[in-house]
Amino acid sequence: MSEHRPESRLHGDDLTLAYDERVISQDLSVSIPDGSFTVIVGPNACGKSTLLRALSRMLKPTAGTVHLDGELITRYATKEAARRLGLLPQTSIAPDGITVADLVSRGRYPHQKMFRQWSAADSQAVAEAMTDTGIADLKHRRVDELSGGQRQRVWLAMVLAQQTPILLLDEPTTFLDIAHQVEVLELCHDLYSRLGRTLVAVLHDLNHACRYATHLIAMRDGRIVAEGRPGDVVTEQLVQDVFGLACRVVDDPETGTPLVVPAARRRAAVPAQA
Amino acid sequence: MSTDVTPRSDSTPRRQHLRVESLDLSPTSYAARGRHDRWSLRFDRRVVAVCTALTVAIVVVFLTSLAVGDYSIGVLDVVRTLFGNPPDPLAEFIVNGRRLPRALVALLVGAALGASGAVFQSLSRNPLGSPDVIGFTQGASAGAVFVILVVGGSLAQVALGAIVGGLLTATAVYLLAYKRGVQGFRLILVGIAVGAMLISAVRYMLMRAELIEATGAQVWLTGSLNTRGWNHVVAVGIGMAIIMPVLLGLARPMRIIEMGDDAATGLGVNAERTRIGLLLAATGLAAMAVAAAGPIAFIALSAPHLARRLARAPGTTVGSAALMGALLLGVSDLVAQWVLPHQLPVGVVTVSVGGLYLLWLLAREGRRHHV
Ligand SMILES: Nc1ncnc2c1ncn2[C@@H]1O[C@H](COP(=O)(O)OP(=O)(O)OP(=O)(O)O)[C@@H](O)[C@H]1O
Ligand SMILES: [Mg+2]
């Protein structure tokens, strides 16, 4: 872990995060490098979502502070914060009978006012977000009639339509087939590399994390176990420590980034042809 | 943000004061903009159509209720009387002194109930969330009955009792349901429990009271528009004038909160504060309606449903629910006065019609979920 803190628009310091009496994280400090793609990995229930919720002011820390653009995040009017930082929660509720385009258009809420309810920029942002997530063809369908993966992309589109410089995505690729997973990750890549956005995502696929992350944060039991460039931090020992999984780490034949191959516990179910 | 980049408006020869364009969000969504995009409103064509139709129907019902009665007056004469040109003094007395205030109270109370029901249904994310289901109406009743029977207060004091009772109940339900924010389902369960306790409190007070007073309180508890006069119109009118603008202002964040607190916070809505504002406004409307006309059942429950069904738009619109409530109560009062062989308190009509509606709704839902 590097001693000096890189330039960071979003950072949390000495956070204690708890639900009522139940403490999830203690003395947790994290800073999100600007213009990067930060990926958080860790086992279920280790506190990844909790951390994202604290960074995005959904959860009030019991102790410690979160700063956004050099200012305490609680000091912002909530709408102003929503123009700077967007969050895709792990689960959300679609209102009964709402259509795809209508839901995506709600991402524009922080840019609107009581008597400025719709602008040309709104139309453009919504159309762009739907095209980027590949749901333009679905726009008049009802959200409750979509498949899980389609629905996930609709919610992602809503957050994209918000057009915030900082984006926190809690498991954006869950429910997606492999092709759509790659598409979403490519989109994330585009967003930070081409548009200079700052992205944070929770991913469960370590190999995707290694391939796409510029900064990796590995968590366990509410603590950050390691962080840095995937090539520097992902080792067999780390995967053992974080997930309790024996594995081999080899070079990804496509990119040279680490590729985590779980150790075999028995022979293959169907042996390969000789 | 480049909101002023609209190439079409630059190339248009005429300066347009108002432009309406269809949005590619749903086949029925539109935006209306003022010059230089100084203002813009987004609307759904179907919701506008429903509101227009409801308004027309309300006018018809309103004029009818001014015209019919033991002494019937032609609609033209009614209109003339309203515009200060009565055909004879008797018509003026009957229309302006008797029927007009009653009809206005019906419309205002109906609108208050409809709007209040829309808010509670949205907040609880449940079609059963309405002030009469989650205990606020019962709280207002208990307050009013307490004033009638124990204090023996005047009409104004009864109304005050209803409002205080409603607000106290709302606070109690909110605090009991609070657990790191208030979730819809908890709100309903706690509300039902508190409502049940309040009903038994009302029963107890009725049991202990003198027969005559108890009968009076019982009539009040049915919900009635008999003998409602201009003082009622003024009271409810002022209340509506204060609360409705607040409510319409909160209607946009209200629809965002329907997506869950995390999503709402992410979009820049202060969920808890908005919810408290909405609860206060909706409780105020319900309590005011109860104060003016007694606990009229089912309007708050059914008006938002019917409005939503007609508009076939997702989410709850406060405005159309208010109009639907006004229409429902206006019609119910006409039926209560003139269609049935005996004049009945309007609450009896709304209970029967509302009960039938609820049964029909349940049967329909049952069929839909039955494979
Ligand atoms: N609303 C809540 N109330 C109480 N406890 C909660 C709440 N949300 C999460 N927790 C607890 O906090 C801990 C961390 O949960 P969190 O959702 O942050 O895990 P996560 O790392 O995101 O897991 P996953 O990979 O399964 O999404 C868990 O033990 C969970 O039970
Ligand atoms: Mg999670």
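No hydrogens, no waters, no symmetry mates; every other heavy atom, side chains included, goes into these values. Order of the sequence lines sets the chain letters (A, B, ...), proteins ahead of strands, with each chain counted from 1. Because the structure is a prediction, the values reported are computed rather than measured.
The CG atom of A/D122 sits 9.0 Å away from the CZ atom of B/R42 when rounded to the nearest 0.5 Å. Going from atom CE of A/M114 over to atom CG of B/L41 covers 10.5 Å, rounded to the nearest 0.5 Å.
Counting only residues at least two apart or in different chains, side chain to side chain donor-acceptor pair (under 3.5 Å) contacts with residues 56-65 of chain A comprise A/R57-A/T78.
Proximity of a side-chain donor or acceptor of A/R106 to a complementary backbone N or O of B/A264 within less than 3.5 Å is not detected. Between the B/S40 side chain and the A/W118 main chain, a donor and an acceptor come within less than 3.5 Å of each other.
With a 4.5 Å cut-off on non-hydrogen atoms, B/R312 does not touch chain A at all. Heavy atoms of A/E80 lying under 4.5 Å from chain B are absent altogether. Residue contact with chain B, scored on non-hydrogen atoms closer than 4.5 Å, is absent for A/L168. With a 4.5 angstrom heavy-atom cutoff, A/P110 touches chain B via backbone and side-chain atoms both.
Chosen from A/D102, A/L88, A/L87, the residue pairing most often with chain B at heavy-atom distances under 4.5 Å is A/D102. For the set B/N270, B/T265, B/L267, the count of heavy-atom pairs under 4.5 angstrom toward chain A peaks at B/L267. Contact count against chain A (heavy-atom pairs under 4.5 Å) is highest for B/P253 among B/G249, B/S29, B/A31, B/P253.
Inter-residue side-chain proximity for B/D24 and A/S123 is flagged as unmet; no heavy-atom pair is nearer than 4.5 Å. Side chains of A/M58 and B/D261 form no contact here, defined as non-hydrogen atoms less than 4.5 Å apart. A heavy-atom distance below 4.5 Å is found between the side chains of A/Y109 and B/R252. Using a 4.5 Å heavy-atom cutoff, the side chains of B/D262 and A/Q90 are not in contact.
Shown here is B/Y357, whose OH atom has more than 12 heavy atoms of other residues, nucleotides or ligands within 6.0 Å.
B/L25 approaches A/T99 most closely through the heavy-atom pair O-OG1, 3.8 Å. Residue A/P95 comes nearest to B/E258 through the heavy atom pair CB-OE1, 4.0 Å, listed as atom of the first residue, atom of the second, then distance.
Scanning residues 134-149 of chain A against chain B with a 4.5 Å non-hydrogen threshold yields A/K139, A/H140, sorted by number.
A search for side-chain contact (heavy atoms from CB on, under 4.5 Å) contacts involving B/T28 returns B/S26, B/D44, B/R45, B/R46, not counting sequence neighbours. Taking the side-chain contact (heavy atoms from CB on, under 4.5 Å) definition, one finds that A/V23 meets it with A/T16, A/A18, A/Q26, sequence neighbours left out.
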